[in-house]
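Every heavy atom of this structure was used, including side-chain atoms; hydrogens, water molecules and symmetry mates were not. Position 1 is the first residue of the sequence, and the numbers go up from there. As the structure lists them, so they are numbered: ligands from 1, and atoms in each ligand from 1.
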Amino acid sequence: MKHLISISDLTKNDVTQIFKTTDKLKNKKMPLLKDKILAMVFEKPSTRTRVSFEVAMEHLGGHAINLSHGETQLVRDESIADTAKVLSRYVDAIMARVFEHKTLMELAKYASVPVINGLSHKEHPCQALADAYTILKRKGLKGKIVFLGDGTNNTFNSLVKVCGMFGMDIIVSCPAGYKPKIKGKYKVVESPKEAVKDADVLYTDTFVSMGEEKEIKKRIADLKGYQLNSSLVKTANNPIVMHPLPAHRSVEITSDVMDGKNSVVFEQAENRLHVQKAILYLLLK
Ligand code: CP
Ligand code: NVA
């Protein structure tokens, strides 16, 4: 793999290799990427992605430079192409969190170093890899996963691709108007009660992704029947409960479920660090 822009850039073998490498590097500090430098470009806020990438680089003997929104000449209309060419002369890889997916495509076109998608409006591949790794460790990558809420979002788009590779049975439960826009191996079941029957994994994400703030009232009203609550957990098959975070407690997930015995949300967040070490090592070694 040269870049990681989409899960579609990866084969099942690549994903398996990422997970094997994750097992090897987890909880270890080794100078495998000594003196390598990652630039992290953010058009949107981040807690987990920013910190886990920076810590991953430090654990591997490298370094990360954080370029938050407003800190580069991109806000004064320097082009993506010129930015990519310049950063490539300083650093060994670029991770970027952007609004438009095409910004990442442009970065990858002009960069001579690997480009990693740290979230775009279309995909969140590093999240999906950490999610799949979490499912693998907890239950094995098999059985039934149900995604509740906004089926059009980046998290679902990446998750469906990686879970589909391993043949998981994928259901998305959402109202009309929030059905997935991508093609993939999933079924839509509108009724959440019906959808979660026998599920091994229940997954939800914010109803309002970054950049959709203007639609906040409408989205919360449209999606309120899809909240991940204890009644849905009871209907499923002793599922693990997942959320990429940040969560909006009492909106898409109740606090009792998020803090309950089925929840793996903080382990899932921790796995961002472990899996990213593998991604960085495999792209930069
Ligand atoms: N899940 C995730 O990407 O979190 P951040 O927005 O905090 O990076
Ligand atoms: N779908 C969410 C994911 C946040 C990690 C968003 O794009 O805001």
Checklist entry - Is Leu119 touching ligand 2 with its side chain, its backbone, both, or neither, if touching means heavy atoms under 4.0 Å apart? => result side chain

Next on the checklist: Closer than 4.0 Å to some heavy atom of Arg97 - which atoms of ligand 1 meet that?
Outcome noted: 2 (C), 3 (O), 5 (P), 6 (O), 8 (O)

Item to check | Evaluation steps, side-chain contact (heavy atoms from CB on, under 4.5 Å), between Cys126 and Arg272 | outcome: CA-CA 7 Å; Cys126 297; Arg272 292 291 306 276; 4.0 Å; yes

Item to check | N/O separation below 3.5 Å, Leu245 to ligand 1 | outcome: yes

Next on the checklist: Counting only nitrogen or oxygen atoms and a 3.5 angstrom limit, does Ser46 reach ligand 1?
Outcome noted: yes

Checklist entry - Which ligand 2 atoms, with their elements, are less than 4.0 angstrom from a heavy-atom of Asp205? => result 1 (N), 2 (C), 3 (C)

Item to check | Atoms in ligand 2 flagged as close to Asn153, the criterion being non-hydrogen separation under 4.0 Å | outcome: 1 (N)

Item to check | Distance, nearest 0.5 Å, that separates NE2 of His124 from CG of Asp205 | outcome: 8.0 Å

Checklist entry - When you measure from atom 8 (O) of ligand 2 to each heavy atom in Lys122, His243, Met210, which option holds the nearest one? => result Met210

Checklist entry - When you measure from atom 5 (C) of ligand 2 to each heavy atom in Asp150, Thr152, Thr155, Leu245, which option holds the nearest one? => result Leu245

Item to check | Thr152 and Lys179: side chain donor to acceptor below 3.5 Å | outcome: no

Checklist outcome for this item: To the nearest 0.5 Å, atom CZ of Phe147 lies from atom SG of Cys163 at 11.0 Å

Next on the checklist: Pair Ile65, Met40 - check side-chain contact (heavy atoms from CB on, under 4.5 Å), show working.
Outcome noted: CA-CA 6 Å; Ile65 300 172; Met40 305 192 294; over 6 Å; no

Checklist entry - Given the rule that I, L, V, M, F, W and Y join up when any side-chain heavy atoms are under 4.5 Å apart, are Val233 and Val146 in one cluster? => result yes

Next on the checklist: Regarding Asp198 and Lys144, does a basic nitrogen lie under 4.0 Å from an acidic carboxylate oxygen?
Outcome noted: no

Item to check | Polar contact flag for Pro244 and ligand 1 (N/O pairs, less than 3.5 Å) | outcome: yes

Item to check | Short side-chain donor-acceptor distance under 3.5 Å, Thr11 and Asp14 | outcome: yes

Checklist entry - Any non-hydrogen atom of Lys44 lying under 4.0 Å from ligand 1? => result no

Checklist outcome for this item: One finds that the ligand 1 atoms under 4.0 Å from a non-hydrogen atom of Arg272 are 1 (N), 2 (C), 3 (O)

Checklist entry - Backbone, side chain, both or neither: what part of Ser209 comes under 4.0 angstrom of ligand 2, heavy atoms only? => result both

Item to check | His63 and Glu54 side chains, donor-acceptor separation under 3.5 Å | outcome: no

Checklist entry - Is it the side chain (CB and beyond), the backbone, both or neither of Leu119 that lies under 4.0 Å from ligand 1, heavy atoms counted? => result neither

Checklist entry - Within 45 degrees of the axis of the six-membered ring of Phe166 and under 6.0 Å from its centre: does Lys142 put its NZ or CZ there? => result no

Checklist entry - What residue and heavy atom of the protein are closest to atom 4 (O) of ligand 1, and at what distance? => result Arg48 NE, 2.8 Å

Next on the checklist: As an exercise, identify every atom of ligand 2 less than 4.0 angstrom from a heavy atom of Asn154.
Outcome noted: 1 (N), 2 (C), 6 (C), 7 (O)

